[in-house]
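Only one structure is covered here, and it is reproduced in the block below.
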Amino acid sequence: MRTETIMAPTFDTIVIGAGVNGLVAAATLAKAGQRVLVAEQRALAGGTAASNEFAPGFRADLLHDVGAIQALIAQELEFSGLGLHEVRADPLVVTPDGTGKFLFLSRDIAKSAEAIRKFSSKDAERWPAFVARMHRLAGFLDVLYSAPAPDLLASSVRELLPLLKVGRKLRGLGKTDMIELLRTLPMSVSELLDDWFESDVLKGTLGAQGIAHITQGPRSGGTAFVFLHNHVGNDAGAFRGRTRMKGGVQSLSSALVNLAKGLGVQLRTDAAVSRILVRHERAVGIALRSGEEITASTVLSAVDPRRTLCDLVDASEFEPEFLQAVRNIKFRGSVAKVHLALDRLPAFTGLSNDGAELGGVFSVSPSLDYLERAYDHVKYGRVSTAPWLEVMVPSLVDPSFAPAGKHVMSIQVQYVPYRLRGGTWDAARSASLGDAVVALLAQYAPDLPNVVRHREVITPSDLEQKYGLTEGSLNHGELTLDQILFMRPIPGSARYRMPLDGLYLGGSGAHPGGGIAGTPGYLAARQIMADRKRA
Amino acid sequence: MANAYDAIVIGGGHNGLVNAAYLARAGKRVLVLERRHLLGGAAVTEEIYPGFKFSVFSYVVSLLRPEIIRDLELPRHGLHILPLESTITPLDNGDYLGSWGDHDKNRQELYRHSPRDAEAYDLFGRLMQHMAMAVKPILGMIPPDPTSLSPRDLLGLLKVGKHFQSLGAERFHALFKLMTMSSADYLDEWFEFDALKATKSASGIIGTFLGPRSPGSAYVLLHHYMGEIDGAFRAWGFAKGGTGAISNAIGNAARALGATIRTEATVAKVLIKHGRTAGVVLENGDEILAPIVVSGLDPRRTFLDLLEPGHLPDELVDAVKRFKFRGSSGKVNLALSELPNFTCLPGEGAHLRGAISISPSLEYLERAYDDAKYGDFSRNPYMDIIIPSMIDPGMAPAGKHVMSIFVQYAPYHLTGGWTDAKREAFGDAVVNTVAKYAPNLPKAILYRQVITPLDIENITGLTEGNIFQGELALHQLFFLRPASAWAKYRTPVRGYYQCGAGTHPGGGIMGASGRLAALEILGHA
């Protein structure tokens, strides 16, 4: 008789990647009694929700907000006890119109309407109805995002029930809103906004929300969906900018680390995973770059689908068609970050000197055409010469971001392609991007170039190198209509289970995608628990 | 007073004529009223220059439903389709990409450019054929209203649901991708050779205001693939005598079935009495009575121009106002003293009997779109060229030729508006661009007719010059075409119906809207 020593696996589940999704998944599983290990390649947990001290005493966040935190996760993991403090800046967004005037959008619907009236009284009249309609439509996405993606081809009763539930909620929207949702999702955000408004600066301000982090312009079909996706979880009337925490995004990941550790999760940082161990066609653990092997019953990857399925698993474990589909996922990072350490806050022409209006974001997006022209460059592999800039000064809200009296400016720049025509990203190109951004902002804050003490430029290529994001895609794959719901990460594998027993995907590359903080991880963890119960 | 007619059809375009023919076939007394002196709407043949006949607007046919050809016995009434077998794309390096009627020849040609693409091509073709077959039953059905709880609508929805389930996961997902992706992204998944992707994706942008990289363009690609599968005739064809001959054949069929057709009869308003349709009022003040009136015009004209205000719910008025037209294409028709001589394939060859596509690269098309986005016509536009006189010698005097050039992008909303000077500049851009590939063209031109979207609107009545009576965008298809709850050819006014391409399933010389509307009216649906 042949004997084989079978060692019991060390962990129930190993989570790869300690970003928000990985941490939420780990905490959810640990809460259900599982022994969980989280392996993180960087020295610091948090993934893209981590602060970085880019100059002595100056910190900046990669992301300007943590995204939407859905009620189901906040309740399940008792976020109220985590000591998080939400920042509710007002105005939420300030947009220069290019002629010296500014549009201020606030959470307060009436206040925004008054601000809009300076540009168009017709638009001001329509604002409350627009706000209400968008809130209802995004509310439906919120429902869709609180459960695994509906399977439209479901045939078994068990599969059909959730679909019916969603269908009922959709009908509950009312006939007009339901048709409006179906009609809106494939539209371009330009078409959507042109239906409602006439003011360029209002449409530019809102339109930017429809193109965030994708390589499409506001005239591209499906950008109305992106606009709604980025409204999920927001208050009615609160566009541009989701939940922001005092202490920045790091405060969320730090709280999650504490929560997970309190539930018994082991967290190992500086532990880069080199591959997922497979035995008898089943994922059985991980190998670290150091050579160490750790075993587990299941492996949940919170890193993106390309890295998980093409880099960490041997190609022979999957069907070629499956791998081809994974290679076809569109990543196409389109965003760069520029962080500036400032000796003092520069004056913005036309705004108060103390930065009273800069607690939210300052957005260079004067019109839809401006954004569309910015997109034209990236189509041909070039950096936009007049990009959409989203500027934040986190030190105005939380002084711990900079030494006393000093300030930090965090600028998100779109469009910046991952693939440059006729070249690759290098130090010189990064530097010239940084120069260009500072020069552009100097049009609004002429003193800015004189107060910059340090500068950090993060290109899509850096995002790939340092954060492990394929092609610098912060959402682990573009959030376009062909890559959401049952199509995410790839059609046929949208229920977190990958076609390798024991392997699950629970990062932003899975439903409901980036910007819905922790939900993919949570739903993947739930799937693991359900499968285990069934087994 | 007894009505002279059971039904009046407004507009003698191909859908109006199909509609009239089906109604007449069911025994109705039908009158068709056409504003112009000739039938066809955008499917007309006119001798604009002595001896030279032009398919002035629409110029090829592939989508005409085979059941219509059969039911109306169109061949007996003069329809004769001549095959357009090839497409060549001249390349900037002096070479060309050819696509020929013959499978093996086709494969060899592709292999010359990219062995990988030659391998992928058959698989791609098979998938697209499956996709087109998957969509076909949907095109042939009256769209159910998803918000309605009526048994008929629920049954319709169930039918759609069952149909998608029957496709299986793989094809359903492929179809979903086609509905939501850009044609460039979709083709990038299959091919590497740029000119192949460009030429294929060109059919995804026709008639819409989208570039090949804009999501939504992959569906139009499929819409154009549809014609290749019906078996009535293979691929794209040219009607002997021009597209006007198609309209005339349908008109003849309608007459043979008892319909009356009047040209130069402009309808001013639909007559409404006691809350229901009573007939029409002509521009000259004449009233013609009928309990049923069917509009073959586009949704804006059907609802906003032909009805007095107050007959429609506000929601529908809003929806029609929001319906996207945005004509994006123009047409240049040339009378030629000699054939164009293409540098990539010199002399007179088989390639001149097919289509010539000016689509050398995806970037070329995308840049053409960039011009139009900001209100200019493309300096180097996408063009689909055919030389009808090569296929049908009757179109031009012996030894001479006509050339039909479909041009995109020419935006209806041109910055500063269209003027005679801009029309000519647009014509120059077209001729100069073709001349890069066929240098003898300018001196061979005997006559030039340049048609902008504004001209299309003025001559045919198509709002904003949109050749599909409204863009074929995802949010304007099926139960949303032209507006939710009014996608079943009915209108809020009893007895008033719609049958144009602005209704499901949309544009191209398909005739499906006209037929389905007739079935709905006759209660056969």
Side-chain angles (χ1 to χ4, degrees), chain A residues 151-155 167 170-171 173-180 182-188 190-192 194-196 214-217 219-225 321 324-325 327-328 330 332 369 372-373 375-376 378-381 421 478 480-487 490-492 494, chain B residues 145-149 161 164-174 176-182 184-186 188-190 208-219 315 318-319 321-322 324 326 362-363 366-367 369-370 373-375 471 473-480 483-485:
Chain A
D151 179 1
L152 294 187
L153 297 173
S155 44
L170 180 55
R171 278 183 189 277
L173 261 180
K175 187 171 163 159
T176 312
D177 281 341
M178 175 181 158
I179 290 294
E180 208 46 41
L182 291 174
R183 196 181 151 266
T184 303
L185 296 179
M187 286 172 81
S188 73
S190 289
E191 289 168 327
L192 173 69
D194 285 341
D195 277 351
W196 286 88
I214 62 171
T215 302
Q216 290 291 347
R219 286 174 189 259
S220 299
T223 46
F225 155 73
E321 292 81 9
Q324 190 55 40
R327 285 190 203 103
N328 279 337
K330 292 178 281 112
R332 307 199 281 211
D369 269 0
E372 187 70 28
R373 285 185 194 278
Y375 166 58
D376 288 346
V378 80
K379 286 197 294 191
Y380 310 114
R421 169 166 296 198
E478 278 190 300
T480 47
L481 285 181
D482 55 309
Q483 300 194 147
I484 58 162
L485 298 174
F486 52 86
M487 305 295 282
I490 60 163
Chain B
D145 178 353
T147 64
S148 155
L149 292 171
F164 283 130
Q165 282 208 337
S166 74
L167 295 179
E170 201 181 324
R171 285 182 197 168
F172 174 74
H173 292 138
F176 191 84
K177 282 177 120 175
L178 265 174
M179 301 295 279
T180 52
M181 287 177 82
S182 75
D185 283 335
Y186 192 79
D188 272 341
E189 292 192 1
W190 287 89
T208 66
F209 206 84
L210 293 174
R213 296 207 174 278
S214 307
S217 50
Y219 172 74
E315 257 180 48
D318 277 349
K321 283 185 180 159
R322 300 193 298 193
K324 301 285 182 289
R326 303 192 298 188
L362 276 171
E363 182 165 333
E366 195 65 36
R367 287 194 186 277
Y369 173 54
D370 288 348
K373 279 197 298 195
Y374 308 110
E471 283 186 277
L474 206 47
H475 58 277
Q476 302 196 149
L477 292 177
F478 205 42
F479 60 85
L480 294 170
S484 85

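Everything quoted here is computed from the prediction, not taken from an experiment. Lettering follows sequence order; numbering is per chain, from 1.
- Between Phe176(B) and Leu481(A), the closest heavy-atom pair is CE2-O, 3.4 Å.
- Heavy-atom distances place both the backbone and the side chain of Glu372(A) under 4.5 Å from chain B.
- Salt bridge annotation for Glu189(B)-Lys330(A): absent, with no cationic side-chain nitrogen under 4.0 angstrom from a carboxylate oxygen.
- Heavy atoms only, all atoms of each residue included: Tyr369(B) and Lys379(A) are closest at CD2-NZ, 4.3 Å.
- Interatomic distance, OH of Tyr380(A) versus CG of Asp370(B), reported as 3.5 Å (0.5 Å rounding).
- Between Tyr186(B) and Asp482(A) there is no side-chain heavy-atom pair separated by less than 4.5 Å.
- Looking at Met487(A), only its side chain comes within 4.5 Å of chain B, counting heavy atoms on both sides.
- Only the side chain of Asp185(B) has a heavy atom closer than 4.5 Å to any heavy atom of chain A.
- Smallest separation of non-hydrogen atoms from Gly492(A) and His173(B): N-CE1, 3.6 Å.
- With a 4.5 Å cut-off on side-chain heavy atoms, Asp195(A) and Lys324(B) count as touching.
- When all heavy atoms are compared, the tightest approach of Ser220(A) to Pro215(B) is CB-CD, 3.7 Å.
- Annotation: maximal heavy-atom pairing with chain B below 4.5 Å, among Gln483(A), Arg327(A), Arg421(A), occurs at Arg421(A).
- Thr180(B) places none of its side-chain heavy atoms less than 4.5 Å from the side chain of Thr480(A).
- Counting only heavy atoms from C-beta outward, the side chains of Arg183(A) and Arg322(B) approach each other to under 4.5 Å.
- Looking only at side-chain heavy atoms (C-beta outward), Leu182(A) and Phe478(B) stay at 4.5 Å or farther from each other.
- For chain A, the nearby parts of Ala169(B) are the backbone and the side chain; heavy atoms of each come within less than 4.5 Å.
- Side-chain contact between Asn328(A) and Trp190(B) is absent, with no heavy atoms from C-beta onward closer than 4.5 Å.
- The environment of Arg367(B) atom CZ is dense: over 12 non-hydrogen atoms of other residues, nucleotides or ligands sit within 6.0 angstrom.
- Across Met187(A), Glu321(A), Arg219(A), the residue that shares the most heavy-atom pairs under 4.5 angstrom with chain B is Arg219(A).
- Of all the heavy atoms in Ser214(B) and Gln216(A), the pair that sits closest is CA-OE1, 4.4 Å.
- Contact annotation: the side chain of Glu191(A) approaches that of Arg326(B) to within less than 4.5 Å [non-hydrogen atoms, C-beta and beyond].
- Looking only at side-chain heavy atoms (C-beta outward), Asp369(A) and Lys373(B) stay at 4.5 Å or farther from each other.
- Interface residue Glu315(B): only side-chain heavy atoms are found under 4.5 Å from chain A.
- Ranked by heavy-atom pairs under 4.5 Å with chain A, the first of Glu366(B), Lys321(B), Glu170(B), Lys177(B) is Glu366(B).
- Proximity to chain B (any heavy atom under 4.5 Å) is restricted, for Glu180(A), to the side chain, taken from C-beta onward.
- The side-chain tip of Arg213(B) does not point at the ring of Tyr375(A) from less than 6.0 angstrom away and within 45° of straight on.
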